[in-house]
Amino acid sequence: MQITKRLRTIAGVLLLGIGAYPTASAQGFYWGPRAGLNVSTVTKTTYAKARARANFGLMAGYKLNDIVGLQAEALYSLQGSKMTNSDHIYSYNYIKIPVLAKLYLIGGLNIEAGVSFNWLVRAQDKWNSTVYDIHGTPTGTVSHSQDLMGDSKTFDLTIPVGLNFQFPRLFDIGVRYDISTVRIPDERSNHAKSSNWSVSVGLRF
């Protein structure tokens with residue numbers, strides 16, 4: 001699968017950077033912007049497939065020592081899914097507040113895990129339908145959209161886990177997966193949940 005290959009490539013880049021990193025890295029406070037790519041879908045649905053969208057926001061962290069650090073973020077995360085059996089495209093946009101603990105392994109390489117408080121601010125279904133003339137000949141398409149906010153849970157608690165590499169100067173790059181604990185629909189019989197991989201780059205000051 002192409003998505004899996006890309007994530008493996010990024011993980012390889014993180015590992016290659018270890019050799020050039022000083023053995024002792026700086027401690028203290030940092031902050032900066034963060035942006036990247038989401039690859040998201042919806043679980044426990046038969047025809048859902050992944051959709052690539054963006055995430056962006058701000059981060060702030062404190063490295064307590066050479067081993068342990070803390071980081072909090074405020075992100076706008078565009079997520080959703082497509083359907084394999086139709087042209088329906090679902091959008092679920094969240095404001096996310098992840099709070100992470102970081103464990104530094106070698107140089108800037110660290111694993112991160114924590115909890116993320118996510119508020120749904122937009123939920124929409126979009127699709128196209130074909131228009132026919134009186135003879136049954138297709139003449140074009142019409143776009144439709146439906147607001148899903150009234151049928152969706154407005155809060156999701158996720159458990160983010162990931163791998164990150166902080167370069168000696170300014171930048172860091174990371175791969176993260178969010179484990180959702182709250183279903184998307186209000187309907188109790190529908191157990192669909194968000195599934196989201198993200199790759200992002202941060203600029204540290």
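Atom set for the values below is all heavy atoms of this structure, side chains included, hydrogens, waters and symmetry mates excluded. Model, not experiment: these values are computed from the prediction. Along the sequence shown, the residues carry numbers beginning at 1.
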Quiz item: If every non-hydrogen atom of Ala192 is compared with every non-hydrogen atom of Thr45, which pair is closest and at what distance?
Solution: CB-CG2, 3.8 Å
Quiz item: Hey, does Ser194 have a side-chain heavy atom less than 4.5 Å from the side chain of Gln79?
Solution: yes
Quiz item: Can you check side-chain contact (heavy atoms from CB on, under 4.5 Å) on Asp151 and Glu187, steps first, answer last?
Solution: CA-CA 7 Å; Asp151 301 319; Glu187 184 184 353; over 6 Å; no
Quiz item: Taking the side chain as C-beta and beyond, is there a heavy-atom pair between Leu103 and Ile67 under 4.5 Å?
Solution: yes
Quiz item: Same cluster for Leu100 and Val199 if Ile/Leu/Val/Met/Phe/Trp/Tyr side chains link at under 4.5 Å?
Solution: no
Quiz prompt | Nearest atoms (heavy-atom pairs only) where Ala52 meets Leu37 | solution = CB-CD1, 4.0 Å
Self-check item: Cluster link Ile97 to Leu75, ILVMFWY, side chain under 4.5 Å
Solution: no
Exercise. Spell out, yes or no, whether Phe155 and Ile184 are grouped together once hydrophobic residues are joined by side-chain heavy atoms under 4.5 Å, including indirect joins.
Key: no
Quiz prompt | Identified side chain to side chain contact (heavy atoms under 4.5 Å, CB included) counterpart of Ser129 within the set Val142, Thr141, Asp87 | solution = Val142
Self-check item: Candidate pair Asn118 and Lys96, rule side chain to side chain donor-acceptor pair (under 3.5 Å), full reasoning
Solution: CA-CA 4 Å; Asn118 312 321; Lys96 291 187 166 185; 5.0 Å; no
Practice problem: Please name the pair of heavy atoms, one in Arg204 and one in Arg169, separated by the smallest distance, quoted to 0.1 Å. | Solution: NH2-C, 4.4 Å
Exercise. Compare all side-chain heavy atoms of Lys153 with those of Asp186 and state whether any distance is below 4.5 angstrom.
Key: yes
Quiz item: Given the side-chain rings of Tyr76 and Phe56, with only the six-membered ring counted for Trp, is the space between their centroids under 6.0 Å?
Solution: yes
Exercise. Using atom types as modelled and distance alone, determine if a side-chain donor or acceptor of Thr158 lies under 3.5 Å from a backbone N or O of Pro160.
Key: no
Quiz item: Excluding sequence neighbours, so at least two apart, what forms side-chain hydrogen bond (donor to acceptor under 3.5 Å, both in side chains) with Gln146?
Solution: none
Quiz item: Are Met83 and Val42 linked, directly or through other ILVMFWY residues, by side chains that come within less than 4.5 angstrom of each other?
Solution: yes
Quiz item: Looking at Tyr104, does the NZ or CZ of Lys63 lie under 6.0 angstrom from its six-membered ring centre and within 45 degrees of the ring axis?
Solution: yes
Quiz item: Can you find a side-chain donor-acceptor pair between Tyr30 and Gln71 that sits under 3.5 Å?
Solution: yes
Quiz item: Minimum heavy-atom separation for Pro138 to Thr130, with atom names?
Solution: CB-CG2, 3.9 Å
Quiz item: Between Ser77 and Asn38, is a side chain to side chain donor-acceptor pair (under 3.5 Å) present by the stated rule, with each step listed?
Solution: CA-CA 8 Å; Ser77 182; Asn38 289 332; 2.9 Å; yes
Self-check item: Criterion side-chain contact (heavy atoms from CB on, under 4.5 Å) on Arg53 and Arg51, from CA distance to verdict
Solution: CA-CA 6 Å; Arg53 305 190 74 197; Arg51 185 181 179 196; 3.7 Å; yes
Quiz item: Out of curiosity, Phe117 CZ to Leu157 CG, how far, rounded to the nearest 0.5 Å?
Solution: 6.0 Å
Quiz item: Can you name the nearest heavy-atom pair linking Ala123 to Met149, along with the distance?
Solution: N-SD, 3.5 Å
Quiz item: Do Asn196 and Arg176 come close enough that some side-chain heavy atom pair is under 4.5 Å?
Solution: no
Exercise. Evaluate the criterion side-chain contact (heavy atoms from CB on, under 4.5 Å) for residue pair Gln124 and Asp147; output intermediate values, then yes/no.
Key: CA-CA 5 Å; Gln124 187 181 62; Asp147 187 358; 5.8 Å; no
Quiz item: To the nearest 0.5 Å, how far apart are CG in Asp156 and CZ in Arg183?
Solution: 11.5 Å
Quiz item: Okay, side chain of Ser145, backbone of Lys126: is any donor-acceptor separation there less than 3.5 Å?
Solution: no
Quiz item: For residues 83-102, which residue pairs qualify under ring pair (Phe, Tyr, Trp, His ring centres under 6.0 Å), counting only residues two or more places apart or in two chains?
Solution: His88-Trp127
Practice problem: Measure the spacing between CG of Asn55 and CG of Leu78 and express it to the nearest 0.5 Å. | Solution: 8.5 Å
Quiz item: Taking atom OG of Ser40 and atom NZ of Lys82, what is their separation to the nearest 0.5 Å?
Solution: 10.5 Å
Quiz prompt | Approximate separation, where rounding is to 0.5 Å, of Asn164 CG and Leu105 CG | solution = 11.0 Å
Quiz item: Going by heavy atoms in the side chains, are Glu73 and Leu58 under 4.5 Å from each other?
Solution: no
Practice problem: For Ile173 and Phe167, run side-chain contact (heavy atoms from CB on, under 4.5 Å): C-alpha distance rounded to whole Å, both residues' side-chain angles, the deciding distance at 0.1 Å, then the answer. | Solution: CA-CA 8 Å; Ile173 182 172; Phe167 292 93; 3.8 Å; yes
Practice problem: Rounded to the nearest 0.5 Å, what's the gap from CG on Leu120 to OG on Ser152? Could you check? | Solution: 6.0 Å
Quiz item: When Arg34 is tested against each of Asp172, Leu203, Val201 for side chain to side chain contact (heavy atoms under 4.5 Å, CB included), which residue passes?
Solution: Asp172
Quiz item: So, does Thr41 use its side chain to make a donor-acceptor pair with the main chain of Ser81 at under 3.5 Å?
Solution: no
Self-check item: ILVMFWY cluster, Leu109 and Phe171 together (side-chain gap under 4.5 Å)
Solution: yes
Quiz prompt | Closest heavy-atom pair and its distance - Gly32, Phe205 | solution = CA-CD1, 4.0 Å
